[in-house]
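The sequence lines fix the lettering, A, B, ..., with proteins before strands; numbering per chain opens at 1.
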There are 2 protein chains.
Amino acid sequence: MKNKIENLQLRSKIANVEEAALLIKDGMTVAMGGYTSSGYPKVIANELAKRKMNGETFKVNLITGSNIGPIDTLFAKLDLVNRRVPMIESKDMAMLINKGKVNYIEQQMNKMPQLLHSNSFGKIDVAIIEALKITKEGNIVPTSSVGMIQHFVNLAESVIIEINVSQPEELEGMHDIYNVGFYPNRNPIPITSINERIGEPFIRVNPDKVQFIVKSEILDTTSKIAEPDDTSNLISSHLFNFLELETSKNKNKYLPPIQTGFGNLASAIVRSFEKSSFKDIEFFCGILQESNMELITKGKVKAASTGSIHMTPKVIDMLKQNKQIIKETVVLRNNDVTNNSEVINRFGLISLISGIEVDIYGNVNSSHIGGTRVVNGLGGGANFAQNAGLSIMLLPSETKDGDISTIVPMVTHHDIGEHDIDVVITENGVADLRGKSDVEKAYSIINNCANTYKEQLLDYFKRAVTKVGGHHPQLLSEVFSWHQRLKETGSMKQNQIFNNHY
Amino acid sequence: MKNKIENLQLRSKIANVEEAALLIKDGMTVAMGGYTSSGYPKVIANELAKRKMNGETFKVNLITGSNIGPIDTLFAKLDLVNRRVPMIESKDMAMLINKGKVNYIEQQMNKMPQLLHSNSFGKIDVAIIEALKITKEGNIVPTSSVGMIQHFVNLAESVIIEINVSQPEELEGMHDIYNVGFYPNRNPIPITSINERIGEPFIRVNPDKVQFIVKSEILDTTSKIAEPDDTSNLISSHLFNFLELETSKNKNKYLPPIQTGFGNLASAIVRSFEKSSFKDIEFFCGILQESNMELITKGKVKAASTGSIHMTPKVIDMLKQNKQIIKETVVLRNNDVTNNSEVINRFGLISLISGIEVDIYGNVNSSHIGGTRVVNGLGGGANFAQNAGLSIMLLPSETKDGDISTIVPMVTHHDIGEHDIDVVITENGVADLRGKSDVEKAYSIINNCANTYKEQLLDYFKRAVTKVGGHHPQLLSEVFSWHQRLKETGSMKQNQIFNNHY
């Protein structure tokens with residue numbers, strides 16, 4: 001590991017994991033690197049878990065860049081967390097939060113720099129960062145994500161660095177870390193194209209803060225993305241028809257940069273670009289998954305900006321085999337740029353949004369089932385929708401074998417407002433909401449996007465218009481009856497109730 | 001009027017109002033200048049009203065920069081509007097919209113440039129602009145607002161200019177119009193301080209599009225701002241205590257630029273700055289009202305950026321008497337800068353937000369009474385809250401002599417999400433929501449901001465926690481019962497129901 005620490009002063013901080021982890025004590029606030037479950041520190045977390053399993057009684061407050069699923073699951077199973085900021089991706093952690101046993105401070109990524117700067121989460125005792133190496137000058141080269149680690153090392157009292165010798169050295173040079181700053185000491189972010197470099201390829205750290213450097217050989221735990229199903233393929237196909245039509249209005253069929261998310265629908269969409277007539281595709285994402293990386297290696301991508309890379313064995317192999325084209329195409333940026341309103345807005349992104357449910361006006365619930373139980377957290381989605389050039393909500397119209405309609409009279413929790421959603425696409429079709437009044441939006445969504453719930457939605461909406469009216473007709477007494485029915489009968493379908501009555 | 005049109009080619013377009021207004025025919029889409037009911041065109045609108053009163057049958061689609069109240073009221077009374085974009089401020093127009101007689105495409109100001117660019121509202125037939133003068137080169141100097149007039153003259157087939165000879169000539173030179181553009185032809189907006197000039201002091205227009213230039217002598221209809229009442233003064237006093245505390249953490253007690261709104265609460269706040277210890281105040285607003293202008297003339301303001309000026313007789317007098325300090329301090333900008341996420345975010349604004357109701361988690365309804373009847377429209381508020389450095393929601397905790405609690409279990413319409421509200425202030429106190437979990441937010445808002453409804457809110461919330469729980473406890477079956485009760489009994493108070501039962 002020594003040759004990964006080029007700075008001699010810092011080389012003296014090498015320690016074993018047990019010793020380093022002792023820095024973390026009950027009640028402390030720990031900030032961990034990692035972003036979208038990529039490039040997060042592992043060995044100190046494992047050591048903390050070991051201590052807890054061995055009977056030590058302690059809990060920490062945990063702040064991360066965004067979700068770091070495997071750590072959340074580990075810590076949740078051992079009841080290691082007191083307060084959690086700003087996003088999770090773990091059924092076990094969600095369960096504890098929903099039981100009221102972990103205080104979850106759910107927050108949007110774009111709001112985090114200001115909130116950290118205002119000391120909103122209290123003092124950060126220890127920052128733990130995964131690094132590829134430390135340069136001669138003592139700067140930290142991150143691994144497969146950047147996120148908010150610059151803020152964490154700036155604000156924390158102590159820093160522990162995990163040098164991960166298993167992360168591919170090809171990652172070096174891919175990072176671009178830009179310090180946005182705060183008014184009155186703030187300038188325009190000088191970025192005008194997707195993979196332009198505006199910062200430095202490393203994080204700066206005060207060497208006196210670095211208490212310990214430990215060795216890690218553990219790769220990220222990566223989730224397997226399921227193959228796209230028929231519904232995903234249909235949604236993707238509607239999206240491409242829409243994009244073909246939309247870009248045909250532009251000069252040279254110009255396609256703005258695309259923001260894709262994570263999972264099998266995102267994968268289906270990215271794979272469809274290969275077969276499409278679109279060339280010189282640009283991505284501006286929080287994470288590049290296997291499908292994005294494949295498209296890059298095939299030369300279909302002009303430029304890609306990302307907050308992280310999903311480091312599956314296949315992606316690691318691509319990084320080694322296709323080093324040149326990947327390094328020419330991809331820039332790994334910090335959260336302050338990847339989730340910045342200024343940058344999102346400037347690039348006029350096509351933002352692809354997913355969620356739990358959408359209502360007849362286009363409001364989106366992307367975080368809370370039944371309005372109460374959090375799944376992951378709203379993350380960056382709302383900010384992308386608010387600032388994108390074109391925001392497209394994609395979701396299957398029904399789930400649970402048709403017992404749940406994802407199109408409802410009113411969403412039970414609001415993450416993204418109707419005025420920030422331009423288009424809704426389901427497997428049934430496309431509702432283009434731009435330039436429509438609220439009543440026109442409702443008819444467009446119901447008629448184009450719903451399937452077996454179409455009549456039930458029309459029945460609700462027509463009664464809302466007739467009985468209450470207004471610019472935004474809603475029957476407040478009935479607006480959540482679909483969710484109540486689901487709870488009571490196992491289905492949102494009205495005939496289920498009739499069946500129960502007969 | 002001739003000397004106000006320095007360009008000789010355009011001087012030949014002078015026409016009388018009747019002739020010019022004939023350009024506007026049934027079914028056309030008309031874009032009118034004006035912003036926050038300031039600097040809107042008047043004489044063509046009056047002529048259209050006259051035609052309608054004389055029996056001509058016609059309607060237009062009306063697009064404006066934001067609200068232009070007096071025109072909306074005039075047009076609503078005469079049933080002159082078919083479709084209305086993007087914001088109103090008129091009880092009469094709201095009534096037509098809520099009856100379903102006008103199709104209202106409510107939209108946020110920051111989304112408008114992209115939507116106009118994508119042709120989302122169809123072709124614009126005629127743009128009508130109020131101007132102070134036309135320069136030798138044929139450029140238009142606007143009057144007391146800018147808004148979206150550059151887009152309107154760019155996109156419209158024909159342009160009519162109203163030269164308003166009654167608007168004070170001191171306005172010349174105060175404008176700064178910057179063309180933001182669209183990716184891939186877009187650069188960072190090069191603004192780094194509040195009253196920095198980055199554009200041109202006029203609008204460019206294709207002279208061939210200008211069909212008619214007419215004379216106007218009519219001043220803006222300005223609304224009288226009521227004197228602050230006790231509640232406004234209490235809210236303002238809590239705000240200043242909070243700002244004192246907040247700025248005491250900063251070097252030199254630095255106060256970020258303030259975004260204030262319109263009305264008597266905004267007035268009370270601005271007036272309080274005079275008595276406060278804050279110096280070198282900066283404003284970044286959609287409108288400067290009398291109180292802001294007074295503070296400027298008193299030398300308390302370092303810089304002010306605005307989309308418009310509320311041109312009351314007193315303000316017109318100030319412009320003439322205090323020309324120098326006002327022109328040094330104030331810059332009148334176009335919507336693309338005044339409502340730009342990039343700029344709002346860069347300045348780390350303290351955004352002061354108002355609304356109809358807030359819920360126990362900090363979600364805000366600023367537009368729809370009872371979730372159905374629109375008042376004005378969400379305007380720019382959500383975008384300010386999303387991008388501000390600190391967003392503060394200010395409202396009285398109760399209205400209608402205590403029959404309405406503005407703090408409710410769930411807002412009936414969502415304009416601003418809980419994660420975009422940092423602080424809630426009522427006449428009762430301050431809830432600082434930063435760094436709090438959802439349950440902690442609820443207790444903070446109820447305990448610090450509510451008054452006579454405190455017990456009723458606590459009763460609801462504790463039952464939600466116990467009965468349903470989750471990260472975001474809500475009783476969906478009961479969540480709008482307060483609004484139902486108001487409708488049925490005239491009050492949200494539970495004892496009203498008990499009284500009815502006994």
Is it the backbone or the side chain of B:Tyr254 that comes under 4.5 Å from a heavy atom of chain A, or both, or neither?
side chain

At a heavy-atom separation under 4.5 Å, does A:Tyr104 approach chain B through its side chain, its backbone, both, or neither?
both

Under 4.5 Å from any heavy atom of chain A, what part of B:Met410 do you find: side chain, backbone, both or neither?
side chain

Which atoms of B:Leu476 are under 4.5 Å from chain A, going by heavy atoms: the side chain, the backbone, both sets, or neither?
both

Is it the case that the side chain of B:Asn103 and the backbone of A:Ser437 share a donor-acceptor pair, with hydrogens and angles ignored and the cut-off at 3.5 Å?
no

At a heavy-atom separation under 4.5 Å, does B:Phe347 approach chain A through its side chain, its backbone, both, or neither?
both

Which bit of B:Asn119 comes within less than 4.5 Å of chain A, counting heavy atoms only: side chain, backbone, both or neither?
neither

Atom pair CG (B:Asp415) and NE2 (A:His414), whose distance is rounded to the nearest 0.5 Å
9.0 Å

Segment of B:Val468 engaging chain A (4.5 angstrom heavy-atom cut-off):
side chain

Can you tell me if A:Asp420 and B:Gln108 form a side-chain donor-acceptor pair at under 3.5 Å?
yes

Please report the shortest heavy-atom distance between A:Gly389 and B:Gln114, naming the atom on each side.
O-CG, 3.2 Å

Given that the side chain runs from C-beta out, which part of B:His117 has a heavy atom under 4.5 Å from chain A: side chain, backbone, both or neither?
neither

Enclosure of A:Lys253 NZ (heavy-atom neighbours >12, cutoff 6.0 Å)
yes

Could you grab the distance from atom CG of A:Leu115 to atom CG of B:Asp422, nearest 0.5 Å is fine?
6.0 Å

Please check if the side chain of A:His419 supplies one atom and the backbone of B:Glu106 the other of a donor-acceptor pair under 3.5 Å.
yes

Is it the side chain or the backbone of B:Ile194 that comes within 4.5 Å of chain A heavy atoms, both, or neither?
both

Please state whether the side chain, the backbone, both or neither of B:Pro256 comes within less than 4.5 Å of a heavy atom of chain A.
neither

Out of B:Lys99, B:Lys436, B:Gln386, return the one with the most heavy atom pairs under 4.5 angstrom to chain A.
B:Gln386

Provide the closest heavy-atom pair for B:Ser120 versus A:Arg434 in the form atom of the first, atom of the second, distance.
OG-CB, 3.7 Å

Top contributor to chain A interface from B:His483, B:Lys441, B:His368 [non-hydrogen pairs under 4.5 Å]:
B:His368

Is chain B contacted by the side chain of A:Asn250, its backbone, both, or neither, given a heavy-atom distance below 4.5 Å?
neither

No-hydrogen, no-angle side-chain donor-acceptor test under 3.5 Å, A:Asn187 and B:Thr192
no

Over all heavy atoms of both residues, which pair between B:Lys111 and A:Ala388 is shortest? Give the atoms and the distance, please.
NZ-O, 3.9 Å

Under the side chain to side chain contact (heavy atoms under 4.5 Å, CB included) rule, what do A:Glu282 and B:Tyr183 come out as? Steps first, then yes or no, please.
CA-CA 12 Å; A:Glu282 295 183 289; B:Tyr183 189 75; 3.5 Å; yes

Measure across A:Pro188 and B:Pro190 and return the closest heavy-atom pair with its distance rounded to 0.1 Å.
CG-CA, 4.2 Å

Among the listed options B:Glu342, B:Gln484, B:Arg346, the residue most often paired with chain A at heavy-atom distances under 4.5 Å
B:Arg346

Please check: side-chain N/O of B:His472 versus main-chain N/O of A:Arg373, any donor-acceptor pairing under 3.5 Å?
no

Heavy-atom pairs under 4.5 Å with chain B are the metric here; pick the option from A:Asn363, A:Leu378, A:Leu390, A:Val102 that has the most.
A:Leu378

Using distance alone, with no hydrogens and no angle criterion, decide if B:Asn387 and A:Ser341 have a side-chain donor and acceptor under 3.5 Å apart.
yes

Given a strict heavy-atom distance threshold of 4.5 Å, which part of B:Pro184 is in contact with chain A: side chain, backbone, both, or neither?
both

Atom group of B:Asn110 that falls short of 4.5 Å from chain A, counting heavy atoms
side chain

Salt bridge present between A:Glu440 and B:Arg83 (N-O < 4.0 angstrom)
yes

Taking A:Val85, A:Ile369, A:Val374, A:Leu349 one by one, which has the highest count of heavy-atom pairs under 4.5 Å against chain B?
A:Val374

Under 4.5 Å heavy-atom distance to chain A, tell me which part of B:Val479 shows up: side chain, backbone, both or neither.
side chain

Quick check: does any side chain N or O of B:Arg186 sit under 3.5 Å from a backbone N or O of A:Asn345, one acting as donor and the other as acceptor?
yes

Name the member of B:Gly348, B:Gly371, B:Gly122, B:Ala464 that forms the most heavy-atom pairs with chain A at distances under 4.5 Å.
B:Gly371

Please identify, among A:Pro257, A:Gly100, A:Pro473, A:Ala94, the residue contributing the most non-hydrogen atom pairs under 4.5 Å to chain B.
A:Pro257

Checking heavy atoms, do the side chain of B:Gln474, its backbone, both or neither come under 4.5 Å from chain A?
both

